[in-house]
Amino acid sequence: MKILENVIANKNLLFTDASTGVSTPVGTLYRSLGLNPVEKGLIFLYNDNQVPSIEVLLNFYGTAHAIAVLGQKLHPEFKDRLEAEYRPKYIFDPSRDEVQGYSLKEFSETVKIFAKEDYQPEVTIHPDIKILLSTSGTTGVPKLVKLSDENLYQNAVSILQYMPILETDVVPLNVPINFVYGFSIFTTNCMRAGRIVCTDKDIMQKAFWDEMEEYGYSTLGGVPYLYENLNRIGFFRKDSSSLRYMTHTGGVINAELRKTIFNYCLEFEKQFFAQYGQTEAGGRMAYLTTDGLLEEETSIGTPVNGGSFQIDPETDELLFLHSSISGGYANKLEDLSTYEQPKVLHTGDTGRRGQNGLYYITGRIKRIMKLFGIRLNLDEVEFILKNELEGNTVVCLNGNDKKIIVLYDNINIDPKTITETIKNKLRINPQYVRTEHIESFPLSQNGKINYPLLQNLQHENI
């Protein structure tokens, strides 16, 4: 288990409970449950980024079990569907007092796990499957990505080639580890940093900033919406002395916000890493350093060490090659008996390579609409609007190929500015644009704007 071996080798690593301040050395935490290392099965770990979740993860990582890392706040019906489909041997879920067909077993003073009564293995889980993560697009279908220890290790090693993690760093788990970006932040920092602070707070809560001041966070990570909110609350106007660098993934940061972040980094001597990744590749696939924020277009930068990109000549789809590519998907228990790693990952994104050697995402294959025969990339339309609106958040949706629907959450935005921008920049008649104010954008569990939900909600009004 290369990931665990490297985490254990970081002997000075501490895990701190943000609410109590109690710290536990990694040498104590990873072997606290007395597990049998050769026991095999499947455990569902419903994570909340708290110390017990991390304790369960590290302990079971050192066994032959496969670990499905899921969100503790999943809807109960979704949990029931997953558990009925996969019938795991163990379930760790502090939010429940009972699970039908399972007995609650006390493994330590702080960890209780549901164990399946009269458990009999129904399939032989492929030995390469170590971690199962839900894809960002999963809403109600139990579709999990099958990742091996080697996948995760190779991705972590690639990231550590450019990420400036120091042994003195204090890292908050503000990104859920049940999403691949959060899991990647967790593994890479466990291998190099000095302290992991387990917190359930987010940046919109005063308690998070109190914890940042108390513990001296060295880094922050998040999706574009997090940085849009940081800008909204004035974060980039003053220094945070302990902060050394920030990381980002999960979509495009608009040009105005990129300039704001660049100027912040320049003035206060910080670093910023814009990154691109997918669950199917174990985390992060490309990165762009602070200077790249000044690129005229949004670039994802260059592939991580050991990886490479190709552009499909027929579809413009971005293809990725790396040893971190996963072994496929699981939709049911029987799918855990196989692990088939492709040489090439089809990202589903369209892209191009610039003359400067950097790569650029031009959109999602599924985010293309045809407005009376005119092919429109909704991601590009959104990007243009965000720049014109000084970084304000907008969402563009497809109105059955008859209208562009633009949602905005800032009441001070004049909708005429939106329609005029689309008219002037894209030569589209305003009658084919519908604008609508929304109180707040619904977010998926990984903190990104929930586009599928918004599209479904709008469908009735189209």
Next on the checklist: Could you measure the distance from the CG atom of L70 to the CD1 atom of I177? Nearest 0.5 Å is fine.
Outcome noted: 11.0 Å
Next on the checklist: Walk me through whether Y217 and S240 qualify under side-chain contact (heavy atoms from CB on, under 4.5 Å).
Outcome noted: CA-CA 9 Å; Y217 294 158; S240 296; over 6 Å; no
Checklist entry - To the nearest 0.5 Å, how far apart are CG in L345 and CD in Q310? => result 12.0 Å
Next on the checklist: So for atom CD, which belongs to E98, do other residues, nucleotides or ligands contribute more than 12 heavy atoms lying within a distance under 6.0 Å?
Outcome noted: no
Item to check | Whether F320 and F309 hold their rings parallel, tilted or perpendicular, with breakpoints at 30° and 60° | outcome: tilted
Next on the checklist: Can you give me the closest heavy-atom contact between T199 and N174, atom names plus distance?
Outcome noted: CG2-N, 4.4 Å
Checklist entry - Does any non-hydrogen side-chain atom of L407 lie less than 4.5 Å from one of V394? => result no
Next on the checklist: For N151 and S148: C-alpha separation, side-chain torsions, deciding distance, then whether side-chain hydrogen bond (donor to acceptor under 3.5 Å, both in side chains) applies.
Outcome noted: CA-CA 5 Å; N151 292 152; S148 69; 3.1 Å; yes
Checklist entry - Should I449 and L443 count as side-chain neighbours, where that means a heavy-atom distance under 4.5 Å? => result yes
Checklist entry - Any donor and acceptor pair, going by atom type alone, linking the side chain of K130 with main-chain N or O of H65 inside 3.5 Å? => result yes
Checklist entry - So do V304 and Q275 actually touch side chain to side chain, heavy atoms under 4.5 Å? => result no
Item to check | Pairwise side-chain contact, Y408 with T393, heavy-atom cut-off 4.5 Å (strictly under) | outcome: no
Item to check | Whether T347 side chain and L318 backbone form a donor-acceptor pair below 3.5 Å | outcome: yes
Next on the checklist: Which residues pass the side chain to side chain donor-acceptor pair (under 3.5 Å) test with K206, not counting sequence neighbours?
Outcome noted: D210
Checklist entry - What is the ring orientation for F272 with H248, classed by angle as parallel under 30°, tilted 30 to 60°, or perpendicular over 60°? => result parallel
Checklist entry - With no hydrogens and no angle check, is any side-chain donor or acceptor of S324 less than 3.5 Å from a backbone partner on A281? => result yes
Checklist entry - What residues, two or more places apart in sequence or in another chain, satisfy side chain to side chain donor-acceptor pair (under 3.5 Å) together with S53? => result D48
Checklist entry - How far apart are the C-alpha atoms of Y102 and E83, what are their side-chain angles, what is the distance that settles it, and do they pass the side-chain hydrogen bond (donor to acceptor under 3.5 Å, both in side chains) test? => result CA-CA 11 Å; Y102 289 78; E83 290 159 13; over 6 Å; no
Next on the checklist: Can you confirm if the aromatic rings of Y30 and F15 lie within a centre distance of less than 6.0 Å?
Outcome noted: no
Next on the checklist: Whether the side chain of K146 engages the backbone of D128 through a donor-acceptor N/O pair (distance < 3.5 Å, no angle test) should be reported.
Outcome noted: no
Checklist entry - Is there side-chain contact between F179 and V69, with heavy atoms separated by less than 4.5 Å? => result no
Item to check | Criterion side-chain contact (heavy atoms from CB on, under 4.5 Å) on L173 and I54, from CA distance to verdict | outcome: CA-CA 10 Å; L173 289 186; I54 303 304; 3.8 Å; yes
Checklist entry - Has E214 got more than 12 heavy atoms of other residues, nucleotides or ligands less than 6.0 Å from its CD? => result yes
Checklist entry - Side-chain contact, heavy-atom cut-off 4.5 Å: I131 with L57? => result yes
Item to check | CA sep, side-chain torsions, deciding dist, call: L385, C396, side-chain contact (heavy atoms from CB on, under 4.5 Å) | outcome: CA-CA 9 Å; L385 287 172; C396 293; 3.8 Å; yes
Item to check | For D93, all residues meeting side-chain contact (heavy atoms from CB on, under 4.5 Å), sequence neighbours excluded | outcome: Y46, Q72, K79, I91, S95, R96
Next on the checklist: With no hydrogens and no angle check, just 3.5 Å: does a side-chain donor-acceptor pair link H322 and Q154?
Outcome noted: no
Next on the checklist: Counting only heavy atoms from other residues, nucleotides and ligands, does the tally under 6.0 Å from CG of D97 exceed 12?
Outcome noted: no
Checklist outcome for this item: So CG of L58 and OG1 of T28: to nearest 0.5 Å the spacing works out to 12.0 Å
Checklist entry - Do side-chain atoms of R244 reach the backbone of S242 as a donor and acceptor pair under 3.5 angstrom? => result no
Checklist entry - Taking Q205 for the side chain and D202 for the main chain, is one N or O donor matched with an acceptor at less than 3.5 Å? => result yes
Item to check | Parallel, tilted or perpendicular: rings of F273 and Y287 (30°, 60°) | outcome: tilted
Checklist outcome for this item: When rounded to the nearest 0.5 Å, the distance separating NZ of K2 from CG of L152 is 12.0 Å
Checklist outcome for this item: Here the pair of heavy atoms bringing I438 nearest to F441 is CG2-CE2, 3.6 Å
Checklist entry - Within the side chain of Q341, is there an N or O that forms a donor-acceptor pair under 3.5 Å with the backbone of G327? => result no
Could you tabulate the donor-acceptor pairs under 3.5 Å formed by side-chain atoms of residues 111-121, not counting sequence neighbours?
from, atom 1, to, atom 2, distance (Å)
E117, OE2, S103, OG, 2.8

Item to check | Ring-face cation of K143 near Y329 (centre distance under 6.0 Å, axis angle within 45°) | outcome: yes
Checklist entry - So, the side chain of S108 versus the backbone of L33: is there a donor-acceptor pair under 3.5 Å, distance only? => result no
Next on the checklist: How long is the straight-line distance from OG1 of T290 back to NZ of K270, given to the nearest 0.5 Å?
Outcome noted: 12.0 Å
Item to check | V7 vs L13, side-chain contact (heavy atoms from CB on, under 4.5 Å): CA-CA, chis, key distance, verdict | outcome: CA-CA 8 Å; V7 171; L13 177 64; 4.1 Å; yes
Hey, can you pull the donor-acceptor pairs under 3.5 Å for the side chains in residues 186-198, sequence neighbours left out?
from, atom 1, to, atom 2, distance (Å)
T187, OG1, F183, O, 3.2
T187, OG1, S184, O, 3.1
T188, OG1, S184, O, 2.7
T188, OG1, I185, O, 3.3
T188, OG1, R284, NH2, 3.4
N189, ND2, I185, O, 2.8
R195, NH1, T16, OG1, 2.6
R195, NH1, S23, OG, 2.9

Checklist entry - Does S218 use its side chain to pair, donor to acceptor, with the backbone of V170 at less than 3.5 Å? => result yes
Checklist entry - Between the main-chain N or O of Y359 and the side-chain N or O of S299, is there a donor-acceptor pair closer than 3.5 Å? => result yes
Checklist entry - What residues, two or more places apart in sequence or in another chain, satisfy side chain to side chain donor-acceptor pair (under 3.5 Å) together with Y276? => result Q278, D349
Next on the checklist: How close do I125 and A66 get, counting heavy atoms only, and between which atoms?
Outcome noted: CG2-CB, 4.1 Å
Item to check | Validation row, ring centre Y90 to ring centre F60 under 6.0 Å | outcome: yes
Item to check | D169 vs T219 side-chain heavy atoms within contact, under 4.5 Å | outcome: no
Checklist entry - Any chance the side chains of Y181 and T247 put a donor and an acceptor closer than 3.5 Å? => result yes
Item to check | For the student: nearest non-hydrogen atoms of K11 and V26, plus distance | outcome: O-CG1, 4.3 Å
Item to check | Straight-line distance of L45 CG to L42 CG, nearest 0.5 Å | outcome: 11.0 Å
Item to check | Sub-4.5 Å side-chain heavy-atom contact between S326 and L147 | outcome: yes
Checklist entry - So, for N178 and L133, which heavy atoms are closest and what is the spacing to 0.1 Å? => result O-CD2, 3.7 Å
Item to check | Closest heavy-atom pair and its distance - A18, Y215 | outcome: O-OH, 2.9 Å
